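As the structure is a prediction and not an experimental result, all values here were calculated from the model. The sequence lines fix the lettering, A, B, ..., with proteins before strands; numbering per chain opens at 1.
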Protein chains: 2
Amino acid sequence: MTTTTAPAANGPGTPSRRGRPPKGASTLTRAAIVGATLSLIDDEGVEGVGMRTVARRLGVDAKSLYNYVDGKDDLLDAVAEHILIGLALPEPTGSLAADLRAVGRTFRANTLAHPRAAALVLTRQLDSAAALHPTERLLSMLRAAGCRPAEAVHLLRTLLATVVGTLLREVTEGPTCGEVGPEVERGRRADLEASGMPTLVEAAPHLARFDHDEEFEYTLDLLVTAVTSRVGGTSGTDR
Amino acid sequence: MTTTTAPAANGPGTPSRRGRPPKGASTLTRAAIVGATLSLIDDEGVEGVGMRTVARRLGVDAKSLYNYVDGKDDLLDAVAEHILIGLALPEPTGSLAADLRAVGRTFRANTLAHPRAAALVLTRQLDSAAALHPTERLLSMLRAAGCRPAEAVHLLRTLLATVVGTLLREVTEGPTCGEVGPEVERGRRADLEASGMPTLVEAAPHLARFDHDEEFEYTLDLLVTAVTSRVGGTSGTDR
DNA sequence: ACCTGAACACCGTTCAAGT
DNA sequence: ACCTGAACACCGTTCAAGT
């Protein structure tokens with residue numbers, strides 16, 4: 001019951017263990033800490049991350065982490081940045097539409113490689129060079145397609161917001177605001193009909209179905225079409 | 001220093017205070033708890049929310065809250081839902097473009113009324129009737145405009161993802177992934193030039209500027225145009 | 001240079017004891 | 001029916017003591 005941990009029950013002659021352990025088996029590194037945290041997130045989600053949990057994976061005391069990391073927040077930022085650094089953007093082909101699609105798909109693939117860490121990448125605001133790299137790439141693509149800087153920035157922001165929003169709902173399991181899981185089709189149809197939401201009931205079969213790949217492609221297509229038509233179209237009319 | 005709180009220093013004859021307080025001045029309610037939490041979030045942000053902090057605002061012990069709320073998570077859900085319930089959607093006019101804009105603007109205004117609570121509304125997945133109401137509205141608008149159910153659901157999801165993504169970066173202060181604050185224009189321009197991100201440097205003045213209203217309208221316009229042209233355009237070609 | 005023991009000031013949550 | 005005292009099992013983080 002209350003036999004949690006014997007506080008200091010070493011042998012009588014044993015001096016209390018302090019200082020660095022005798023043999024240096026596991027040289028601790030910032031990279032190792034980030035790696036352990038990421039694999040912990042993969043296994044248990046972001047909520048499972050704690051200084052003590054991460055440290056346990058490395059066979060180390062939690063407080064040791066503070067020699068390499070500024071705190072929990074800094075650690076989570078580091079994880080997000082690590083994922084972002086792994087992003088290998090494809091070479092531009094010169095076709096704006098094709099290149100926008102390629103960047104979108106690459107970003108998605110990279111993010112979904114660690115689904116439970118995705119919210120970190122999508123939500124935390126990072127200003128490192130790694131985070132800025134995709135921005136630079138998108139901007140240069142838009143500029144090369146004839147976009148003036150002001151509109152390029154507008155389009156950049158719209159593109160990022162849409163991709164982030166789409167991936168976010170892809171990654172948060174369960175029904176996101178306005179989303180409907182299969183339970184609507186099953187048990188709750190009666191509730192819905194009583195609530196006076198006929199269109200929702202009518203669309204229930206489609207709402208229950210959710211093919212992430214198809215959904216992403218649909219949104220990407222809508223967006224790329226809109227962007228390219230705007231870039232190729234009227235080039236004056238600033239205000 | 002260590003004189004934090006005297007543990008049980010009532011008068012010698014005073015029996016330890018237990019049970020409900022003598023006078024019922026503040027009848028505790030779930031609604032009151034939600035209200036206190038929301039105003040706490042307005043003042044101190046979501047990170048300032050704790051059972052003890054909320055309870056203090058109500059002049060009550062933290063554990064009393066558990067009589068009305070299932071726990072901290074349930075409390076935060078309730079706050080998000082409360083904001084969503086306040087959403088008063090405008091009457092449809094019959095013009096899909098105008099009505100989409102109206103819904104978008106209403107949703108934005110409602111969300112930004114409590115900026116620091118916005119992430120809750122945008123991030124938490126709610127499946128209450130209140131959360132489903134905007135979905136029903138959007139679906140019925142799309143259907144009325146001649147959209148088949150399958151495509152209406154696609155468009156609904158694209159619309160929601162875009163609005164959520166846009167509002168999310170509007171609400172998270174600081175530079176979101178691919179965002180650049182004014183500090184880029186000031187001190188870090190040299191770093192950027194050295195990093196080989198010329199387009200970013202070129203666009204820095206525009207990146208530093210961020211008019212939320214204008215940004216939202218731009219994205220909304222792009223999106224509404226894309227949606228209406230898709231609805232009004234080809235109506236066959238399912239696959 | 002780096003790791004840990006002890007400690008601090010917190011958490012969310014339970015449960016029985018009270019009224 | 002509802003509120004609280006005492007308590008539990010956690011947190012992130014500090015700092016000096018050690019090697």
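- The shortest distance between side-chain heavy atoms of Ile41(A) and Leu120(A) falls below 4.5 Å.
- Between the CZ atom of Arg30(B) and the P atom of dC2(D) there is a distance of 14 Å, rounded to whole Å.
- If you measure from atom CG of Leu76(B) to atom C1' of dG12(C), you get 12 Å, rounded to the nearest angstrom.
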Begin with the C-alpha distance, continue with both residues' side-chain angles, and end with the deciding distance and a verdict on salt bridge (charged side-chain N to carboxylate O under 4.0 Å, His left out) for Arg105(B) and Asp213(B). CA-CA 10 Å; Arg105(B) 292 192 188 116; Asp213(B) 291 347; over 6 Å; no
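- In terms of heavy atoms, Val49(B) sits closest to Thr53(B) at C-OG1, 4.1 Å.
- Using a 4.0 Å heavy-atom criterion, one finds that Lys63(A) contacts the bases of the nucleic acid, with or without backbone contacts as well.
- Between dA1(D) and Tyr68(B), no contact under 4.0 Å exists linking OP1 or OP2 to a side-chain N or O.
- If you take CG of Leu65(A) and P of dT14(D), they are 13 Å apart, rounded to a whole angstrom.
- Distance Arg56(A) CZ to dC10(D) C1': 12 Å, rounded to the nearest Å.
- Distance, Arg52(B) CZ to dG5(D) P: 13 Å, rounded to whole Å.
- Between the CE atom of Met51(B) and the P atom of dT4(D) there is a distance of 13 Å, rounded to whole Å.
- Distance CG (Asp73(B)) to P (dT13(C)): 8 Å, rounded to an integer number of Å.
- A distance-only check finds no donor-acceptor pair linking the side chain of Arg52(B) to the backbone of Ala62(B) [under 3.5 Å].
- Within the structure, every side-chain polar atom (N or O) of Asn67(B) is placed at least 4.0 Å from both OP1 and OP2 of dA1(D).
- Base-pairing analysis of DNA chain C finds the following stems of at least three consecutive Watson-Crick or G-U pairs, with both pairing distances under 3.5 Å: C:4-8 with D:12-16, C:12-16 with D:4-8.
- For Tyr66(A), taking side-chain heavy atoms from C-beta onward, the closest of the listed nucleotides dT14(D), dT13(C), dT4(D) is dT14(D).
- Distance CG/Leu75(A) to CE/Met51(A): 6.0 Å, rounded to 0.5 Å.
- In this structure, the side chains of Val153(B) and Arg157(B) come closer than 4.5 Å at one or more pairs of heavy atoms.
- The separation between Glu47(B) atom CD and dC11(D) atom P is 18 Å, rounded to whole Å.
- Among the heavy atoms of the strands lying under 4.0 Å from Asp61(A) are primed sugar atoms or P, OP1, OP2 only; no base atom is included.
- How far CZ of Arg124(B) is from CG of Asp73(B): 4.5 Å, rounded to the nearest 0.5 Å.
- Distances shorter than 4.0 Å separate none of the side-chain N or O atoms of Ser64(A) from OP1 or OP2 on dC2(C).
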